[in-house]
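The block underneath contains the structure these notes are about, expressed in structure tokens.
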Amino acid sequence: MRLLIVEDDPDLNRQLVSALSEAGYAVDTAFDGEEGHFLGDTEPYDAVILDLGLPQRDGISVLEKWRRDNRKMPVLILTARDRWSDKVAGIDAGADDYVAKPFHMEEILARVRALLRRSSGHAKNEIEVGPLRLDTKTSRVTVGGAPVKLTSHEYRLLAYLMHHQGRVVSRTELVEHLYDQDFDRDSNTIEVFVGRLRKKIPSDLIETVRGLGYCLGNSPDEA
Ligand code: CA
């Protein structure tokens with residue numbers, strides 16, 4: 001899952017990047033409204049954390065422009081503590097949730113998890129496909145109850161496929177959602193990671209769909 005953080009306070013931006021990277025997300029970052037708007041407009045993020053008070057272009061206007069242009073990614077806004085009117089304006093502009101400053105990082109992490117699972121149609125933090133179980137809260141993966149050790153790239157790949165279980169996901173989509181913009185992207189590496197994952201989980205769980213990509217598990221309706 002790939003996130004965008006738009007926050008002009010350098011310390012807060014750094015803390016967000018570090019907590020979210022540690023939680024297993026690919027993270028891009030912007031420090032003003034123009035740059036943030038551009039990235040959200042041109043890159044496919046799974047969720048965005050958007051501060052409202054930004055230089056060059058304020059958060060509300062960034063969000064309104066995205067929504068006018070039919071950008072549908074979930075957006076979590078950061079608001080000042082006592083400004084209830086900011087929360088209302090933000091939600092009316094198209095935000096999916098808000099966190100008031102100052103906040104505990106755990107709250108951001110929990111709200112991001114909730115946005116991601118809702119946008120992919122899951123109600124719980126645990127996603128199961130056959131014997132495979134992913135706990136998005138602890139980033140733990142088990143097969144038949146036994147823990148599986150994954151590298152961060154393997155985890156990201158599996159988490160993305162599990163959030164989108166039953167759907168064919170192309171290599172290009174995987175590259176776009178697993179790596180931040182500075183990463184040296186090469187879609188061949190996806191095949192390498194899929195190969196490694198197949199050695200750690202029951203190998204038939206990830207199906208290769210010729211010419212299209214990969215599919216993990218049946219659709220939730222069929223399961
Ligand atoms: Ca700010």
Side-chain angles (χ1 to χ4, degrees), residues 1-120 125 136-139 152 155-156 159-160 163 176-183 185:
M1 299 287 181
R2 185 173 168 206
L3 309 177
L4 171 65
I5 295 165
V6 191
E7 166 61 66
D8 58 313
D9 179 322
D11 286 338
L12 191 52
N13 190 310
R14 189 173 36 77
Q15 288 164 26
L16 284 162
V17 170
S18 127
L20 290 156
S21 311
E22 209 165 290
Y25 302 106
V27 180
D28 287 349
T29 186
F31 294 85
D32 66 66
E34 280 300 339
E35 189 191 10
H37 172 264
F38 175 76
L39 285 173
D41 203 35
T42 50
E43 298 288 329
Y45 294 104
D46 296 295
V48 176
I49 297 172
L50 176 68
D51 184 32
L52 290 189
L54 291 168
Q56 294 191 38
R57 182 173 196 153
D58 70 85
I60 296 281
S61 129
V62 168
L63 183 53
E64 281 174 344
K65 180 87 174 78
W66 281 337
R67 296 314 193 209
R68 263 203 309 279
D69 296 336
N70 215 20
R71 304 292 293 169
K72 291 178 178 155
M73 64 286 194
V75 174
L76 173 68
I77 51 169
L78 304 178
T79 68
R81 190 176 193 55
D82 297 319
R83 299 281 295 275
W84 65 268
S85 54
D86 281 359
K87 297 167 193 162
V88 173
I91 288 165
D92 280 341
D96 298 273
D97 200 356
Y98 69 86
V99 172
K101 293 180 181 178
F103 50 75
H104 289 281
M105 205 52 84
E106 281 304 321
E107 182 175 2
I108 298 281
L109 293 170
R111 289 182 186 274
V112 166
R113 282 194 295 273
L115 289 179
L116 293 173
R117 69 176 182 245
R118 259 184 258 140
S119 71
S120 61
N125 269 330
T136 59
K137 192 173 167 201
T138 57
S139 307
S152 63
Y155 175 81
R156 277 186 205 174
Y160 193 83
H163 273 86
E176 284 177 338
H177 288 266
L178 300 189
Y179 304 125
D180 58 62
Q181 60 172 349
D182 298 330
F183 195 85
R185 290 142 176 232

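Note that ligands are numbered from 1 as they come in the structure, with each ligand's atoms numbered from 1 the same way.
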Closest to the Ca ion (ligand 1), among the N/O/S atoms of Asp8, is atom OD1
Output yes when Asp51 and Lys101 qualify as a salt bridge under the 4.0 Å nitrogen-oxygen rule, no when they do not.
yes
Is the closest basic N to carboxylate O distance between Arg67 and Asp96 below 4.0 Å?
yes
Under 3.0 Å from the Ca ion (ligand 1), is there any N, O or S atom belonging to Gly53?
yes
Does Asp9 bring an N, O or S atom to under 3.0 Å of the Ca ion (ligand 1)?
no
Run through Arg2, His177, His163 and flag the one making a side-chain hydrogen bond (donor to acceptor under 3.5 Å, both in side chains) with Asp46.
His177
Show your working on side-chain hydrogen bond (donor to acceptor under 3.5 Å, both in side chains) between Ser61 and Arg57 and close with a plain yes or no.
CA-CA 7 Å; Ser61 129; Arg57 182 173 196 153; 2.9 Å; yes
Metal site the Ca ion (ligand 1): N/O/S of Asp51 inside 3.0 Å:
yes
